2 protein chains.
Amino acid sequence: MEQVSQQQSPPAKRPTIADIAKIVGVSKVSVSNALNGQPGVSDATRAKIAAVAEELGFVRNSAARALSGAKAAAVGLALCRPARMLGTEPFFMELIGGIEKVLSDASYSLALQVVSDHERGLEAYRRWWGERHIDGAILVDLRRDDARVPALEEMGLPTVVIGHPSGSGRLTPVWSDDAAAVRETMEYLAALGHRRVGRVAGLTGLVHTAIRDEAFTAACADLGLDALPTVHTDYTGEEGARATRRLLLSPTRPTAILYDNDITAVAGLSVAQELGLSVPRDLSLVAWDDSPLVQVVRPPLTALTRDIHAYGAHAARTLLDLVAGRPVDGYEDLAPQLTPRGSTAAPPAD
Amino acid sequence: MEQVSQQQSPPAKRPTIADIAKIVGVSKVSVSNALNGQPGVSDATRAKIAAVAEELGFVRNSAARALSGAKAAAVGLALCRPARMLGTEPFFMELIGGIEKVLSDASYSLALQVVSDHERGLEAYRRWWGERHIDGAILVDLRRDDARVPALEEMGLPTVVIGHPSGSGRLTPVWSDDAAAVRETMEYLAALGHRRVGRVAGLTGLVHTAIRDEAFTAACADLGLDALPTVHTDYTGEEGARATRRLLLSPTRPTAILYDNDITAVAGLSVAQELGLSVPRDLSLVAWDDSPLVQVVRPPLTALTRDIHAYGAHAARTLLDLVAGRPVDGYEDLAPQLTPRGSTAAPPAD
DNA sequence: CTTCACGCCTTAATCGGTTAACTGCCGATC
DNA sequence: GATCGGCAGTTAACCGATTAAGGCGTGAAG
């Protein structure tokens, strides 16, 4: 706390289109048109303007541009995570990376706010939109009967919802078929010979949790498997461990467990090993979402893989279409693919 | 891709201070002053204006405000991560969470851009600043002789550097004493009886890597330990595993290894177990940065703990001071604290 | 009675772009 | 030769807020 290092305030004034206009000897409007590729400027003039702009290091003032009714060239994302869940899931960094890729190619930027609850998230969207700070928004962590959906609809803010169409109202959904992934996994486990499969799920309120819950129950019924009660968690390692312990110590101990994320699956693996169970000999585990994490443990976990980066990119691309007024349908991404690794095998003979 | 769900464009015009002025029967200026808590407005008028603004759901147009020379109420962060490293480290989500907390309390927002290299990161800062989109910036992943430092200095963009003062030039640094943490760890390991300690480090170019490298070498010398060559990685699990394998298969196999992040440490644990080494009986491991990850594996890893959320919050607070023109020193956060867990013990008798 | 200060409020100008409407001018068309 | 159309470019107005400068009435001081 001893280091002193001051910065002086910016002295130089930024060049404006008026400066360029004066130098080139044309009007502001011609400069504006030239720089924006609008017609009505000769190629010669256009070139001269471009040269001067370059030389002066001209940068458009987005405030002025926005004020004149143009786009803000930014989209908003209010991420709702209680502090302790932050950083537990690689999912969001990946997703944001994908979103960012598309946005920055279009010279859009992302306004990000991490908030404690959906209420405050909605406030952020409302402020950004009211201030004309953003042209569109991305909504994540979709809940059942999510109050944010009607609110955003009413605001008229172009929004892409990352989540199933069943919960996205009139907003544009981008989603993947989680039910299919559950089905594929259950068929795989059933084929291996498993009859009692447990499930450690995520937060109950989320739409995708409900969808997976349902698909899980349906698959059990279809495949004639024992339906064990699903245990819900908050995605943390601790709850994943607790849930796994509960399943493994119950009288109807499962021979395989399907997790809703990577952290709980890894925690489950540790619990199993603590209890003296060998994976995959005594117990098979499947993680949802592939990440460095699940590949680094021993044995590496069988996982439901999806390209989260691409998922985010699709959402961003869809939003840009929406903002530009291009006709937009929802976008269904690929369903997560089962990637078998060392954590799944036939159940013990018993 | 079948779902069709259109959104209509926003029909209603947002209320402006002119609207409020007309209704209340005063001038725009009075409205502006009233809403900004400026003097020159009677309490009665002020109350009336506030009431009408509330009723109309008035939100300030930040573009217009920015155009008139006011603050942009946002700060920028260009995060430079190659795609595959994204999401591997919980560190940045935590850091951003801490930054966000402080910013949103001050009604500031964060402009975030994930870029592929520092060159593009600098471009983002330049664009944001030129556009008056941000009032200040946060710089991370500080490298030695980082070209971004002089560039930002020259731009006059108020910037807080998350990194050691030795590399932050005239910009304001926020840092923690990594050297002290290395020293503490080495003393601990030496006290346990270790004589050969290996180190799996991060990217060579980074300032904090160099500082830890140096502290490591110095500590070895001071404590009379064998100086094994440090192995550098890109923080991924794969490279962590490779580095660990290399150390463990060398003729001078270490009895303890200090890692530069959590992912490489966990990968190292797996490698050790694969090679038939028992942790901590045959080998002790120390991870840098505590995360759910290192607590979930067996045994849970001894780690260098720091409050990353608070770290980010300090950086943001310092930046807000800087932006407001308040006198600012650099800020030295607490040094990472050693948290012993099950992965460290005395070395084998040999 | 003048003068000054002050509180409250107004008008005017400004930030840096964009859009709308209009002016010359040239060549093609009838 | 008059008319039309299109291109290159102009001027004027405007977006919504802020700052600067000034007016006007009231009460206190000289």
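Just so it is clear, the structure is predicted and the values come from calculations on it, not from any experiment. Just so we're on the same page: letters track the sequence lines, and every chain starts at 1.
- Here C:dT18 presents its P atom at 9 Å from CD of A:Gln38, a figure rounded to the nearest Å.
- Inter-residue side-chain proximity for B:Leu142 and B:Ile162 is flagged as unmet; no heavy-atom pair is nearer than 4.5 Å.
- For the pair A:Leu139/A:Val149, a side-chain contact is recorded, criterion being any heavy-atom separation below 4.5 Å from C-beta on.
- We find that NZ of A:Lys28 is positioned 8 Å from P of C:dG17, with the value rounded to whole Å.
- A salt bridge does not link A:Arg317 with A:Asp321: none of the charged nitrogens is closer than 4.0 Å to a carboxylate oxygen.
- When the nearest nucleotides of DNA chain D are assigned to A:Val29 and A:Asp43 by heavy-atom distance, the more 5′-ward of the two goes with A:Asp43.
- Within 4.0 Å (heavy atoms only), A:Val31 reaches no atom of the nucleic acid at all.
- Here the straight-line distance linking atom CD of A:Gln113 with atom NZ of B:Lys101 works out to 11.0 Å at 0.5 Å rounding.
- Straight-line distance from the CZ atom of A:Arg65 to the P atom of C:dT19: 9 Å, rounded to whole Å.
- For D:dG9, the base has no donor-acceptor partner in the side chain of A:Thr45 [N/O atoms by modelled type, under 3.5 angstrom].
- The nucleotide whose nearest atom lies closest to any side-chain atom of A:Ser42 is, among D:dT18, C:dG16, D:dA8, D:dA8.
- Side-chain nitrogen and oxygen atoms of B:Asn36 include at least one within less than 4.0 Å of the OP1 or OP2 phosphate oxygen of D:dT18.
- B:Ser30 has a side-chain polar atom (N or O) that falls below the 4.0 Å cut-off from OP1 or OP2 of C:dT10.
- The residue among B:Leu67 and B:Arg46 whose nearest nucleotide of DNA chain C lies closer to the 5′ end is B:Arg46.
- Within the 4.0 Å cut-off from OP1 or OP2 of D:dG16, not a single side-chain nitrogen or oxygen of B:Ser32 is found.
- What separates NZ of B:Lys22 from P of C:dT11 is a distance of 14 Å, to the nearest Å.
- B:Tyr331 places no side-chain N or O within 3.5 Å of a backbone atom of B:Tyr311 that could act as its donor or acceptor partner.
- Look at NE2 on A:His133: it is 17 Å from C1' on D:dA17, rounded to the nearest Å.
- Note on B:Ser27: a side-chain N or O is less than 4.0 Å away from OP1 or OP2 of C:dT10.
- Atom NZ in A:Lys48 sits about 14 Å away from atom P in D:dA8, given to the nearest Å.
- Spacing between atom CG of A:Asn61 and atom C1' of D:dG16 amounts to 14 Å, rounded to whole angstrom units.
- Summary of the strand contacts: B:Asn33 and B:Ala64 both lie near DNA chain C, and taking for each the nucleotide with the nearest heavy atom, the more 5' one is attributed to B:Asn33.
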